[in-house]
Amino acid sequence: MPGGRLTQQERQQIALGLADGLAYAEIARRLDRPTSTITREVMRNGGPTAYRADLAHRATERRARRRRQPVVRGPQLSEQAPGRDLEAVREYEETFTTLLMQQGVPKMMSRVLTCLFTTDAGSLTAAELVQRLQVSPASVSKAVAFLETQGLIRRERDERRRDRYLVDDDVWYQSMVAAARLNAQLAETARQGVAILGSDTPAALRLENIARFVDFVAESITRAAEQARDILHTSTAPAPRPDQKPGPGR
């Protein structure tokens, strides 16, 4: 972590700050630490409602001991492009995972998604995810099922008839479209309540306002996602060489 590892006293200050309802940025300011350090510390140790300084400190010591121990890694775990700092990669993966968790993605799903994002191939089998993340097959199965329903990953069969889970250039487009569909369902359900509760009641008016707002946002998200995909996927024609003669119609 920037500035060295957090001390037990600093972790106690974090716990006190959380109990007082302080924002991560304020806790970081009081400890003279980056906000990202405090955010990562809290999210990897139970979150703001379950953070305990003593447990967090012991967990960090255990992780440090594991890192010092030599580990025999399989070919997938040791695969790295030349020149990469393995410790920096691990730190980045933790940061990205924490960010996804802050946005509401559950922890295991965040770990799987980060693993796929930071893999050069952009795809892994369930067995490879189990090996890389050191978790149970059941945990991976649950995580990929959730990510598929959110449109964040997709599944395909490789030449050995194994399921591979992958992310591609369309991953955020598919995710936003899936979110827009869920919003559309929310709007439809809200309007069903209008008829049931009586269109002239305060509750019905509230539900109608929800439906109108969600409809507008869903349409805007879908339109923006389609525009972004068209722009980002448009190939730019190569510029003509100085000695190239103009073709017909030029």
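- For the pair R229 and Y173, the distance from NZ or CZ to the six-membered ring centre is under 6.0 Å and the angle to the ring normal is within 45 degrees.
- Closest approach of L186 and V214 over heavy atoms only: CD2-CG2, 3.9 Å.
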Let's go through Y92 and T118 carefully: what are the C-alpha distance in whole Å and the side-chain angles of both, what is the deciding distance for side-chain contact (heavy atoms from CB on, under 4.5 Å) to 0.1 Å, and is it a yes or a no? CA-CA 9 Å; Y92 174 75; T118 56; 4.0 Å; yes
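- A donor-acceptor pair under 3.5 Å is formed between the side chain of R11 and the backbone N or O of L6.
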Step-by-step side-chain contact (heavy atoms from CB on, under 4.5 Å) determination, T125 to D163: CA-CA 6 Å; T125 66; D163 283 337; over 6 Å; no
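- Here the CE atom belonging to M109 is positioned 11.5 Å from the CE atom belonging to M101, to the nearest 0.5 angstrom.
- In this structure the side chain of D230 never reaches within 4.5 angstrom of the side chain of Q227, judged on heavy atoms.
- Applying the ring pair (Phe, Tyr, Trp, His ring centres under 6.0 Å) test to pairs two or more places apart or on separate chains, those with a residue in residues 116-152 are F96-F117, F117-W172.
- In this structure, L124 and L166 have side chains that are not in contact, with every pair of non-hydrogen atoms separated by 4.5 Å or more.
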Evaluate side-chain contact (heavy atoms from CB on, under 4.5 Å) for L18 paired with V42, printing each intermediate quantity in order. CA-CA 9 Å; L18 293 172; V42 174; 4.0 Å; yes
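- Using modelled atom types, one side-chain atom of R164 and one backbone atom of S123 make a donor-acceptor pair closer than 3.5 Å.
- Annotation: side chain of H57 is not in contact with side chain of R52 (no heavy-atom distance under 4.5 Å).
- Within 6.0 Å of CG on D32 lie no more than 12 heavy atoms contributed by other residues, nucleotides or ligands.
- Atoms CZ and CD1, from R33 and I14 in turn, are 8.0 Å apart once rounded to the nearest 0.5 Å.
- One hydrophobic cluster, built from ILVMFWY side chains closer than 4.5 Å, cannot hold both M176 and L152; they sit in different ones.
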Might you work through the side-chain contact (heavy atoms from CB on, under 4.5 Å) test for R157 and R162, ending with a clear yes or no? CA-CA 5 Å; R157 288 289 182 92; R162 299 176 304 178; 5.9 Å; no
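- Rounding to the nearest 0.5 Å places NZ of K107 at 8.5 Å from OG1 of T98.
- Counting all heavy atoms, side chain and backbone alike, E93 lies closest to T114 at O-CG2, 3.6 Å.
- Going from atom CG of D215 over to atom CD of E188 covers 10.0 Å, rounded to the nearest 0.5 Å.
- Residue E26 qualifies as enclosed at atom CD: its count of foreign heavy atoms under 6.0 Å is above 12.
- Within the structure, ring pair (Phe, Tyr, Trp, His ring centres under 6.0 Å) pairs that include any residue of residues 195-230 do not occur (at least two apart or interchain).
- A donor and an acceptor atom, one from each side chain of T39 and S36, are nowhere located under 3.5 Å apart.
- Between T95 and R40, the side chains place a donor N or O and an acceptor N or O closer than 3.5 Å (distance only, hydrogens not considered).
- The backbone N or O of E219 lies less than 3.5 Å from no partner atom in the side chain of T222, so there is not a single donor-acceptor pair.
- Placement of L113 and V130 within a single hydrophobic cluster is found when ILVMFWY residues are connected by side-chain heavy-atom separations under 4.5 Å, directly or transitively.
- Between A187 and A211, the shortest heavy-atom distance links the atoms O-CB, 3.6 Å.
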When you look at Y51 and E41, which way does the side-chain hydrogen bond (donor to acceptor under 3.5 Å, both in side chains) test go after all the steps? CA-CA 9 Å; Y51 182 84; E41 166 70 15; 2.7 Å; yes
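- S110 contributes a side-chain N or O that, together with a main-chain N or O of V105, makes up a donor-acceptor pair within less than 3.5 Å.
- Salt-bridge annotation for D85 and R90: absent, with no side-chain N of the basic residue lying under 4.0 Å from a carboxylate O of the acidic one.
- Linking ILVMFWY residues whenever their side-chain heavy atoms come closer than 4.5 Å, directly or via other members, places I221 and I210 in the same cluster.
- Between E128 and R132 there is no salt bridge, since none of the side-chain N atoms of the basic residue sits less than 4.0 Å from a carboxylate O of the acidic one.
- The structure places OG1 of T35 at 9.5 Å from CD1 of I27, a figure rounded to the nearest 0.5 Å.
- Looking at R206 and E208, no side-chain N of the basic residue comes within less than 4.0 Å of a carboxylate O on the acidic one, giving no salt bridge.
- Across all their heavy atoms, C115 and L129 have their closest contact at SG-CD2, 4.0 Å.
- Here the closest heavy-atom approach between residue E10 and residue L31 is recorded as O-CD1, 3.8 Å.
- Listed for the S141 side chain is no donor-acceptor partner under 3.5 Å among the backbone atoms of P137.
- Taking a cutoff of 4.0 Å between a charged side-chain nitrogen and a carboxylate oxygen, R223 and E226 do not qualify as a salt bridge.
- Linking ILVMFWY side-chain heavy atoms closer than 4.5 Å, directly or via other members, places L22 and Y24 in a single hydrophobic cluster.
- Under a hydrophobic clustering in which Ile, Leu, Val, Met, Phe, Trp and Tyr are joined whenever their side-chain heavy atoms come within less than 4.5 Å, directly or via other members, V135 and L100 fall into the same cluster.
- The pair R154-E148 does not count as a salt bridge, with every side-chain nitrogen at least 4.0 angstrom from each carboxylate oxygen.
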